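A short write-up of the structure that comes next.
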Amino acid sequence: MKQPGFFDVEERLARLSGLGDQLEAFSRTVDFEVFRPDLELALAYSDGSKGGRPPFDPVLMFKILVIQTLNNLSDERTEYLINDRLSFMRFLGLGLSDLVPDAKTVWLFRERLTQAGAIERQFDRFDATLRNAGYLPMSGQILDATLVATPKQRNTNAEKADLRAGRIPEDWQDKPSKLSHKDRHARWTLKFTKAKRQEDGSMPATDLAIPFFGYKSHVSIDRKFRFIRKWKTTDAAASDGARLREGLLDKTNTASTVWADTAYRSKANEDFMDKEGFVSKVHRKKPHLKPMPRHIQRSNAGKSVIRSRVEHVFADQKSQTGLFIRTVGIIRATMRIGLANIVYNMRRSLFLERLNASA
């Protein structure tokens, strides 16, 4: 086997470009330098006067987190694939002889950003670039939430009771190693799915209720461009509707209409939207023990045509990037979901750029 030369590598990269390298497209459409000021503020690196090996460039490290999010990679797998894949190295601006951050370095970088609460600022920073590019929040907004899985915890009933009450179980308090691996913020809930038709053709009387453990991602997207504009992370058992009044509505949207499913229908929410100048298009609930009136059915069906667009956001995050939380605690879960939301907006902007170019 002959030794690869410079032109061999260039030829291989050219072939990757021809096959549609998504990371190369990201490099063309996303100015990652806009993240640098907030990254440097959050990391608060020393000036190097005390010596020691200088840290890796923060923008390079942030791009590694983008790679992780796009491919749902662990830190160890990320280190391996950066060394292995030419497309990853090109995206990061690394040559074959350059040093690649190891798994521990990636973990420490993400942890520093997490503890600094930097992900919200990074999201807002990229949202500002979208607005500057002409993608203003327009035509109203759509709210929804999705469950995000995390590894299940094997806790006793007494431990679960303590966690629900906000207490640390007594048996964990003198075992810091065990405590660090226990997720005290994720919760169990029931995930309802439509019952499937039986072999004899009959339909079960009730839908299926599947136990689910993890967190919940709440988002608000604009109807026009379908970018995520507002978001929030909670445990899986948290109510969807109450989040509407906790900063999920975007007052900068050029239209005042709000679409959402029946989970967001409540007097408190309707009063809140009316007071804040929003127009509610939230689905109406079926009357208790009564059939749904025909005019409400037609109204809900019309709203569903628009409201269902938010489902595409969650489908993209779960099917294309495999959204899953490997970490412990809601602060790290917020970091993971925030990164997923930024990467979704990057993918969406890339799609719209291609759409505009072909028009």
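If you're wondering where the values come from, they're calculated on a predicted model, not measured in any experiment.
Two rings, from Phe225 and Phe351, have their centers 6.0 Å or more apart.
Donor-acceptor pairing under 3.5 Å is lacking for the side chains of Gln153 and Trp188. Between the side chains of Arg336 and Thr233, not a single donor N or O lies within less than 3.5 Å of an accepting N or O. For the residue pair Thr29 / Glu353, no side-chain donor-acceptor distance below 3.5 Å is found, with atom types taken as modelled. Between the side chains of Asp127 and Tyr135, not a single donor N or O lies within less than 3.5 Å of an accepting N or O. Judged by distance alone, the side chains of Asp102 and Thr105 do bring a donor and an acceptor atom under 3.5 Å apart. Side chains of Asn155 and Lys182: a donor-acceptor N/O pair is present below 3.5 angstrom, by distance only.
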For Glu11 and Arg15, what are the C-alpha separation, side-chain angles and deciding distance, and is it a salt bridge (charged side-chain N to carboxylate O under 4.0 Å, His left out)? CA-CA 6 Å; Glu11 182 181 347; Arg15 290 177 62 186; 5.4 Å; no

Begin from the C-alpha positions of Gln68 and Arg110 and carry the test side chain to side chain donor-acceptor pair (under 3.5 Å) through to its verdict. CA-CA 11 Å; Gln68 272 194 317; Arg110 186 178 59 252; 3.2 Å; yes

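Between Phe35 and Phe62, the angle of the ring planes lies from 30° to 60°, which puts this pair in the tilted group.
Of the options Arg77, Arg326, Gln320, Lys318, a side chain to side chain donor-acceptor pair (under 3.5 Å) to Asn72 is made by Arg326 and by none of the others.
To the nearest 0.5 Å, the span separating OH on Tyr80 from CZ on Phe88 amounts to 11.5 Å.
The side-chain tip of Lys104 points at the ring of Trp107 from less than 6.0 angstrom away and within 45° of straight on.
Clustering of Ile, Leu, Val, Met, Phe, Trp and Tyr by side-chain heavy atoms under 4.5 Å joins Leu244 with Leu143, Leu248, Leu249, Val258, Tyr264, Phe272, Met273, Phe278, Val282.
For the pair Arg332 (side chain) and Val328 (backbone), a donor-acceptor distance under 3.5 Å is present.
Salt bridge Arg229/Asp250: absent, no basic N to carboxylate O contact under 4.0 Å. Ionic pairing of Asp271 and Lys267 is present here: one or more N-O contacts between side-chain nitrogen and carboxylate oxygen are shorter than 4.0 angstrom. Using a 4.0 Å cut-off between charged side-chain N and carboxylate O, Asp235 and Lys216 make no salt bridge. The pair Asp316-Arg348 fails the salt-bridge criterion, with no side-chain N (NZ, NE, NH1 or NH2) lying under 4.0 Å from an Asp/Glu carboxylate O.
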